[in-house]
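Structure first, commentary second.
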Amino acid sequence: AIQMTQSPSSLSASVGDRVTITCRASQGIRSDLGWYQQKPGKAPKLLIYAASTLQSGVPSRFSGSGSGTDFTLTISSLQPEDFASYYCLQDYDYPRTFGQGTKVEIK
Amino acid sequence: QVQMVESGGGVVQPGMSLRLSCAASGFTFSSYNMHWVRQAPGKGLEWVAVISYDGGNKYYADSVKGRFTISRDNSKNTLDLQMSSLRDEDTAVYYCARSQMHTIGGVIAELLDYWGQGTLVTVSS
């Protein structure tokens, strides 16, 4: 199975900060990667697919980049509603695999 | 609007079985692959299984292979997860999710665009 290594596992940031989360695949996965946001007690929400395509309705402060093995989710200016956990998910092969998650907390 | 509602969760003893269901509405259920994803208390997301739109293809996580069976009834717009030989580590909130396919630059991208609210399964003696 493809392993997805996500970092950091948590971070503290302030409103307005630029935040970067990375995901590394154990093998090349082209651009077959999505990013999901999850708030406590809620279902995950799709932010980005195909590594860099913004899902409809998602604010443009979210962006994704990368291909092959290294991927990045960037929040350009952190907003209060962005404090949540974030997960990458590879859709290159089965079994699908998530990164371990990154919890973004208020500094 | 698109809606998916999971049911069937509860408390079950190790080694026992449980069947989860996901009732879908607001879209043509028979046109979409469907997934189960779970989340143990305080832990991250774990992909569990997928079934193709027609039920012809199924894939499982290694952690559940041979114990869990995914199925669907397109006439009733329902997705099921039959779980047997349950273990303590199967304790989790189980989500169903719809799979959407987009073609980008000749490559098919899969995205999980709608999720249910989840149902809690607790395996405990």
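In what follows, chains carry the letters A, B, and so on, assigned in the order in which the sequence lines appear, proteins first and then strands, with residues in each chain numbered from 1.
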**salt bridge (Lys or Arg N to Asp or Glu O under 4.0 Å) between B:Asp62 and B:Lys65, intermediate numbers included** = CA-CA 5 Å; B:Asp62 291 343; B:Lys65 198 176 298 182; 3.2 Å; yes
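- Within residues 8-47 of chain B, the residues that have a heavy atom under 4.5 Å from a heavy atom of chain A are B:His35, B:Val37, B:Gln39, B:Lys43, B:Gly44, B:Leu45, B:Glu46, B:Trp47, listed by number.
- At a 4.5 Å heavy-atom cutoff, the contact between B:Val50 and chain A is made by side-chain atoms alone.
- No hydrogens or angles considered: nothing links the side chains of A:Ser67 and A:Ser31 as a donor-acceptor pair under 3.5 Å.
- When atom types are taken as modelled, the side chain of A:Gln6 and the backbone of A:Tyr86 share a donor-acceptor pair closer than 3.5 angstrom.
- Chosen from A:Gly41, A:Gly34, A:Pro44, the residue pairing most often with chain B at heavy-atom distances under 4.5 Å is A:Pro44.
- Distance CD/B:Gln117 to SG/B:Cys96: 7.5 Å, rounded to 0.5 Å.
- A side-chain N or O of B:Gln100 and one of B:Asp113 form a donor-acceptor pair less than 3.5 Å apart.
- Looking at B:Glu110 and B:Ser99, their side chains do bring a donor and an acceptor atom within 3.5 Å of each other.
- Residue A:Lys103 does not touch chain B at all, counting heavy-atom pairs closer than 4.5 Å.
- With a 6.0 Å radius and a threshold of 12 heavy atoms from other residues, nucleotides or ligands, B:Leu120 has its CG atom above the threshold.
- If you measure heavy-atom distances from A:Leu89 to chain B, the contacts under 4.5 Å come from the side chain alone.
- Proximity to chain B is absent for every atom of A:Tyr92, based on heavy atoms less than 4.5 angstrom apart.
- Interface residue B:Tyr60: only backbone heavy atoms are found under 4.5 Å from chain A.
- Evaluation of the ring pair (Phe, Tyr, Trp, His ring centres under 6.0 Å) rule for A:Tyr87 yields no partner, not counting sequence neighbours.
- Neither the backbone nor the side chain of A:Ser56 comes within contact range of chain B, judged by heavy atoms closer than 4.5 Å.
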**Request:** Please assess A:Thr97 against A:Gln90 for the test side-chain hydrogen bond (donor to acceptor under 3.5 Å, both in side chains), listing each intermediate value before the final yes or no.
**Result:** CA-CA 6 Å; A:Thr97 41; A:Gln90 64 82 14; 3.0 Å; yes
